[in-house]
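Every chain is numbered from 1, with letters handed out A, B, ... down the list of sequences.
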2 protein chains.
Amino acid sequence: MKVLIVEDDQFHGSYLQDALSEALPEVTEIISASDGLEGEEAARQPGVDAIVMDLQMADRNGIEAARTIWSERPDSRIMFWSNYADEAYLRGIAKVVPPDTAYGYVLKTASRERLKLSLRAVLIEGQIMVDREIHRQQNRGDIQRARLDDSEYAVLMDLALGLQDRLIAERRGMSLRTVQNRLLSLYEKLGVDSDLDAGLTLNKRVRALHRALVTRAINVETLETAQRDLNEWLVGRASPGRRS
Amino acid sequence: MKVLIVEDDQFHGSYLQDALSEALPEVTEIISASDGLEGEEAARQPGVDAIVMDLQMADRNGIEAARTIWSERPDSRIMFWSNYADEAYLRGIAKVVPPDTAYGYVLKTASRERLKLSLRAVLIEGQIMVDREIHRQQNRGDIQRARLDDSEYAVLMDLALGLQDRLIAERRGMSLRTVQNRLLSLYEKLGVDSDLDAGLTLNKRVRALHRALVTRAINVETLETAQRDLNEWLVGRASPGRRS
DNA sequence: AGACCTGTTGCGGGAACCCGCAAGCGAATT
DNA sequence: AATTCGCTTGCGGGTTCCCGCAACAGGTCT
């Protein structure tokens, strides 16, 4: 069995390599890549059965690399290994994982035992496994009162990009008023108003983005990929009617 | 010589310990802390001459820890050691470093040689030393067209918190129109308009925050500490004139 | 001194935003 | 079939935001 490790921190990389060969005796070969691009390249080698991937990497991050890898080989088993329990990462992964594909998400702070267990479960058994820390993070009701559904999340991304209501409506195919309703529930769920019990009134749009960031509903990498998606959408929209 | 290492990643911690004792033969004792709070505590021990501090830590981050340490012992020499070259960190450090105090900022991606050199320069020689990568990051004119001055930065933080113009004016002691002028130049410097050459008009406030984040002018930790500062200011404002 | 530049402030108006109200519509329940 | 519930949509109005225009103060250059 041949496993690819994509990790840009050499210490974490060698620790991972250790744990991997300890946990999975069936591994015969380990290859490494130190950023997302290299990772995509290396994953094209024949015989790569499984991948362990860091999420935060300089050039191309883990989720983007995973997207291209999965688009080429949808049955690849990928284990994500990350410092942070941001909900944004989980959403990002959920958007790119093919159906019936095994993947996992463990934190770097997890114990060696849990890491080894997860590696076996995902890479060998083909399970789907997400560190319970990550789910717990999201559900703490004091900070994030309710989960955002997909449509709300989409609007949140557009808001975060700075689109105005009209544009969001066009992009998401809703009416203007519906967009505003989504925003309303976003403000509610993100706790925008709860901060102004102190009697101060604030800019809800910006505050929503602020709250989304500090609650880890989105993060800066999310913003960057969302910007790329927006650019694609924009060129797709710019064909006919070259007016003004 | 007694040195304190504050670092929550054990691998990086032991690497640092190695490099430290290699680079500084005069070190006789190394003590460790694994988060900001522990670090503050440990720094109170007698005889701690120098500190190496990670910036990203779970509970209390490196800058906050440095602030309390410096407030107790302003002559402490602190070397910051970080994964990211965010301008936000540099600004945060600049705000808390006492005058005539030695400090340094190196990236974790720096070579072992450069790390050792910086350690000597800062902890032994008492120099101020900032990794050139960090300055380079900020000055790339394609992304960030011009540096923000302190007043603009302050307004940017308030904007990021979701304050509206009136509040910012009150907090910073400017007129409403002046605040708006600051915002104008922020929009300019952050490149808010440059994105809308594609002909799309967007919400400048939110877009400014977006740009500030992706250009690393600010980051999420900045937002969190700014929120705390805001809360302090709010309670300080709430005493007399209980009007409406 | 006069010209000039930079930063601050007020005014005013068009655009965007926030949101209450109410009508419409499909799905689930009774 | 009637009712209820949730979601969508249009309308209207109060508020905030963005910013051009212009007056003014203080500092610099000639």
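- Taking only side-chain nitrogens and oxygens, B/K204 never comes nearer than 4.0 Å to OP1 or OP2 of C/dA16.
- Contact footprint of chain B on DNA chain D: nucleotides with an atom under 4.0 Å from a non-hydrogen protein atom, first to last in 5' to 3' order, D/dT16 to D/dC21.
- Applying a 4.0 Å cut-off to non-hydrogen atoms, the residues of residues 174-182 of chain B that approach DNA chain D are B/R177, B/Q180, listed by residue number.
- Residues B/Q127 and B/Y103 bring no donor and acceptor atom of their side chains to less than 3.5 Å of each other.
- C/dG7 atom P lies 16 Å from atom CG of B/L183, rounded to whole Å.
- When the P atom of C/dA15 is taken as reference, atom CG of B/L202 falls 17 Å away, rounded to whole Å.
- The pair A/E224-B/R216 meets the salt-bridge criterion, with a side-chain N (NZ, NE, NH1 or NH2) lying under 4.0 Å from an Asp/Glu carboxylate O.
- A straight line from CD1 of A/I168 to P of C/dA16 spans 13 Å, rounded to a whole angstrom.
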Given B/D9 and A/K108, is the salt bridge (Lys or Arg N to Asp or Glu O under 4.0 Å) satisfied, shown in steps? CA-CA 9 Å; B/D9 183 311; A/K108 289 191 177 178; over 6 Å; no
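- With sequence neighbours left out, B/R166 forms a side chain to side chain donor-acceptor pair (under 3.5 Å) with no residue at all.
- Shortest non-hydrogen contact noted between A/R147 and A/K189 is O-NZ, 3.1 Å.
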Quick one, B/T178 with B/S175, criterion side-chain hydrogen bond (donor to acceptor under 3.5 Å, both in side chains). Give me CA distance, side-chain angles, the key distance, then yes/no. CA-CA 5 Å; B/T178 301; B/S175 87; 3.1 Å; yes
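- B/I218 pairs with exactly one of B/L213, B/L148, B/D86 by the side chain to side chain contact (heavy atoms under 4.5 Å, CB included) rule, that one being B/L213.
- The CG-C1' distance, from B/N203 to C/dC18, rounds to 13 Å in whole Å.
- Stacking of A/R207 on the aromatic ring of A/Y187 is not recorded, the 6.0 Å distance cut-off and the 45° axial limit not both being met.
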